[in-house]
Amino acid sequence: MNGTSETPLDVLIIGAGLSGIGCACRLTLDLPDKSLLILEARDVSGGTWDLFRYPGIRSDSDLFTFGYDFEPWKSDTAIADGGAILAYLRDTAQRYGVEQKIRYNHAVIAADWESEEACWRVTVEHSVTGVRSVIYARWLFSAAGYYDYAEGYRPEFPGEDEFAGKIIHPQFWPEDLDYAGKRIAVIGSGATAVTLLPALAAKAAHVTQVQRTPTYVVSVPARDPLATILQRFLPNRWVYAISRRRQILRQRWFFVFCQRFPNAARRLIRGMVRRNLPADYPIDVHFNPPYDPWDQRLCAVPDGDLFKALSGGKASIVTGQIDRFTRTGIRMTSGEAVAADIIITATGLKVQVFGKYSLTVDGQPVQASERLVYKGMMLDGVPNFSFAIGYTNSSWTLKIGLLTTYLCRLLKYMGENGYASAVAKRPDGQLKTRPLLDFGAGYIQRAVDGLPRQGEGYPWVMSFSYFSDAALFKRGRIDDADMHFSPPPSNSKREAAA
Ligand SMILES: Cc1cc2nc3c(=O)[nH]c(=O)nc-3n(C[C@H](O)[C@H](O)[C@H](O)COP(=O)(O)OP(=O)(O)OC[C@H]3O[C@@H](n4cnc5c(N)ncnc54)[C@H](O)[C@@H]3O)c2cc1C
C-alpha cells in the first residue's frame, strides 16, 4: 500500500474542495503514474459548495472561468447555484477517477518534513473515531481552503440577549428554518448579503440589509448570450474554450480599467445602478462606497436580482452604524429601528490558511507569517510543499489551474533529473516584504498579519494577473536561482533498505 514509510505516496493532497479535486485531476492527466491520495476532514467532498446552504447560494464568478480548464461547464448559465457547482465538481471527480482516491473523515492535524528521508510524515485524525494514523508522502499539496469551517466571523452586538427572534450565521444555516412571512434583517454588505436579499425576499414579509459601508454592486447576465448561440452549432469543448477566453479577457479588462481609471469606473457602475433602480432611489447613500472600485471585491448580481428586489419593495437597505439589538430588531445609532423576527449575521469568514494543522521542517515549527511566498504557491524554506490560494480579483480556480499545471511540470522536472526535494530559498540580504493580500476586505485585513508575506519582485510576489501567471506557470523556468533541488538523501534509511 502506498503511503507507508517504505513506499510513500508521490503526492498527498489536503482537502477535497474545488482546489484539491482540481489538483488531483490535473495530476491524473499530466502524471498518471504518480501515486496520490486526498485527505478530507469532512464526510463529503465539495468544501465551500457543500458547507454553505443558505437560500440562493451561488457563485458570483461566471462558471466558464470558475470551472476547470480541462472539464467544460456545459450550460449557458454563467452564474450557477451552489447545487449545480457541487454536481459539476463531484461529476468531475468521478470522471477523472479521483473520487476513489479521497479518504473521507481524515483530518490532517500535523505535517512534519523529515530531511533525512526527504519525506512528509503526516498525522491524520479520523473525524468520527478520533483514531490517529500516519501517512508518508513525498509532496504535500495543501488545498484546505482559506477559512475556518467550524467558526464564522461574528462580532458581538450589544443587546443580543434581548432580541426575541433567531440570530443566524449563514455558514450554519438551519435546514428547517421557516422564514415565510417573517421580517428579516441581514447584517453585511458582501457577496453573501447581496445573494440573500433577493432569495429571502421571495418568501419573507420583508428583508432589510443593514450595512455599515456600501459595496460596489454590478449586474451581470445570468446566462452568457454568446454561449447560448454557440451551443447551437459548436461542440461543448469549443464553446467552453471560447467563452472562457472571453470571460478571462473581460474580467482582466474591467479590473485594469477600475485600477487605472477609478473615477470613470465609479461613474460607470453608478450609471448601471441608476438604470436598475427607481429614479428616486438614494443610490449615493446605499451604493456609493468610500473606496475605489476593486479596492475590495466587487459584488456581481445575476440579471440585477438585488435591484429587482429593492425596486419591488420586498427588500430595502439601511446604511449606518448599529447601536444595539433590541427585543424587536436592530436600533441604528441614527435612531432608526429595523424590525426583525430573524437576524442574519452575514458578517464574514474567519480566515485561516493551512487548515488548522501544524507544519514543521525537521522539528522546527513553520510560522506562516515569517515565511515568504514563492510564485504564490510555496513557502520559503519548506521543501516539497505547495498550497492553493486562488485569485480574489477574478475566479479563484483560474489561479489554481495554473499553479497545479506548474506543480506537474515541477514534479516531472524533478523525476527527470533524479531530484527528491525542491525548496525555495529567499535571496541573501534584506528583502523588502509586504502583506500577502493588498485587499481591503475586512476578513482579509483581520487575518493578514498571520498570513505569509510576499516580496517586491518575481518570483517572490503573489500575482493576481492571469496573463502574467499563465506565462510564468506554463512556460517559466523551473530551475530558477531561488529554487534549490537535492538528490535523494544518502543517509536515508528507506533508500538503504530499498
Ligand atoms: C459562499 C461563498 C461563495 C464563493 N463564491 C466564489 C465565486 O463565485 N468565485 C470565486 O472565485 N470564489 C468564490 N468563493 C471562494 C471559494 O471558497 C473558492 O472559490 C473555492 O470554492 C475554494 O475551494 P478550495 O477547494 O480552495 O477550498 P474549500 O472549498 O474551502 O475546500 C477546502 C476543503 O479542505 C478540507 N480541509 C480543511 N482543512 C483540512 C484538514 N486539516 N484536513 C483535511 N481536510 C481539510 C475542508 O473540509 C474542505 O473540504 C466563494 C466562497 C464562499 C464562502
Side-chain angles (χ1 to χ4, degrees), residues 12-24 37-54 56-68 78-82 85-86 88-90 93 102-111 122-127 135 140-150 152-153 169-171 173 188 190-196 220 247 251 297-302 346 348-359 387-401 403-404 441 443 464 466:
L12 183 64
I13 297 171
I14 306 175
L18 207 51
S19 304
I21 289 175
C23 178
L37 202 62
I38 307 180
L39 299 180
E40 170 52 57
R42 303 175 73 227
D43 58 358
V44 285
S45 62
T48 298
W49 300 101
D50 179 79
L51 181 76
F52 281 82
R53 303 284 177 96
Y54 58 76
I57 169 82
R58 57 164 166 77
S59 68
D60 59 0
S61 298
D62 67 275
L63 260 289
F64 300 107
T65 54
F66 197 52
Y68 299 120
I79 303 291
D81 63 61
I85 297 172
L86 196 56
Y88 166 81
L89 83 92
R90 287 183 179 161
I102 306 174
R103 296 284 173 276
Y104 290 107
N105 288 317
H106 280 51
V108 170
I109 54 169
V122 177
T123 309
V124 182
E125 187 173 274
H126 195 281
S127 312
I135 297 182
L140 197 59
F141 183 78
S142 181
Y146 64 96
Y147 61 89
D148 192 338
Y149 271 55
Y153 174 67
H169 192 285
Q171 195 168 327
W173 195 267
T192 304
V194 302
T195 301
L196 276 167
V220 294
Q247 292 289 5
Q251 284 176 11
R297 200 179 163 101
L298 232 97
C299 287
V301 294
L349 305 164
K350 194 172 156 205
V351 171
Q352 166 203 283
V353 287
F354 312 135
K356 273 189 178 167
Y357 56 87
S358 64
L359 204 60
F387 57 85
I389 295 185
Y391 293 131
T392 48
N393 61 350
S394 63
S395 287
W396 178 270
T397 342
L398 283 179
K399 173 85 175 226
I400 308 303
L403 65 85
T404 50
Y443 66 95
F464 283 93
Y466 175 80

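Note that this is a predicted model, so its numbers are computed, not measured. By convention here, the first residue in the shown sequence is residue 1. As the structure lists them, so they are numbered: ligands from 1, and atoms in each ligand from 1. The analysis underlying the following values was restricted to heavy atoms, covering all of them including side chains, and did not include hydrogens, waters or symmetry mates.
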Provide the closest heavy-atom pair for [X] versus [Y] in the form atom of the first, atom of the second, distance.
X	Y	answer
I389	K399	O-CG, 3.5 Å
P170	F52	O-CD2, 4.0 Å
S59	I85	CB-CD1, 3.7 Å
Q171	A150	NE2-N, 4.4 Å
Y104	V44	CE2-C, 3.3 Å
S45	L86	O-CD1, 4.0 Å

Residue, atom name and distance, where the atom is the protein heavy atom closest to [atom]:
atom	value
atom 49 (O) of ligand 1	E40 OE1, 2.6 Å
atom 8 (O) of ligand 1	D60 N, 2.6 Å
atom 9 (N) of ligand 1	S61 OG, 2.6 Å
atom 37 (C) of ligand 1	A144 O, 3.5 Å
atom 42 (N) of ligand 1	V108 N, 2.9 Å
atom 2 (C) of ligand 1	T48 CG2, 3.9 Å
atom 10 (C) of ligand 1	F66 CE1, 3.3 Å

> Any N or O on A16 sitting closer than 3.5 Å to an N or O of ligand 1?
Replying inline: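 Among all N and O atoms of A16, none is under 3.5 Å from an N or O of ligand 1.
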> Taking N or O atoms only and a 3.5 Å limit, does L18 qualify as a polar contact for ligand 1?
Replying inline: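 Such a contact does occur with ligand 1.
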Check whether any side-chain N or O of [X] sits under 3.5 Å from a backbone N or O of [Y] as a donor-acceptor pair, and report yes or no.
X	Y	answer
E40	A16	yes
Y357	A107	no
S127	A41	yes
H169	G348	yes
N393	F464	yes

Between [options], flag the one that comes closest to [atom] by a heavy atom.
atom	options	result
atom 32 (C) of ligand 1	A143, G15, G47	A143
atom 1 (C) of ligand 1	Y54, Y104, Y147	Y54
atom 44 (N) of ligand 1	A41, G20, G17	A41
atom 3 (C) of ligand 1	F387, W49, Y357, Y149	W49
atom 14 (N) of ligand 1	Y146, W396, F354	Y146
atom 39 (C) of ligand 1	I14, T392, T397	I14
atom 26 (O) of ligand 1	S394, S19, A110	S19
atom 27 (O) of ligand 1	G46, G152, G145	G145

Please verify whether a non-hydrogen atom of [X] lies at under 4.0 Å from ligand 1.
X	answer
L39	yes
H106	yes
A107	yes
S395	yes
I21	no

> Which class fits the ring pair Y149 and Y147: parallel under 30°, tilted 30 to 60°, perpendicular over 60°?
Replying inline: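 Parallel, since the angle between the ring planes stays under 30°.
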> Relative to each other, are the rings of F387 and F354 parallel, tilted or perpendicular (30° and 60° limits)?
Replying inline: perpendicular
> If you round to the nearest 0.5 Å, how far is CG of D148 from CG of L349?
Replying inline: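 Between atom CG of L349 and atom CG of D148 there are 10.0 Å.
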>> Can a side-chain donor-acceptor contact be found between S395 and Y466 if the only test is distance below 3.5 angstrom?
In response: no
Quick one: which ligand 1 atoms are inside 4.0 Å of a heavy atom on [X]?
X	answer
I57	1 (C)
S59	8 (O)
R42	47 (O)

Answer side chain, backbone, both or neither: which part of [X] comes under 4.0 Å from ligand 1, heavy atoms only.
X	answer
D50	neither
K356	neither
Y391	neither

> Looking at residues at least two apart in the chain, or sitting in another chain, which of them share a side-chain contact (heavy atoms from CB on, under 4.5 Å) with L37?
Replying inline: L9, L12, L39, R103, I135
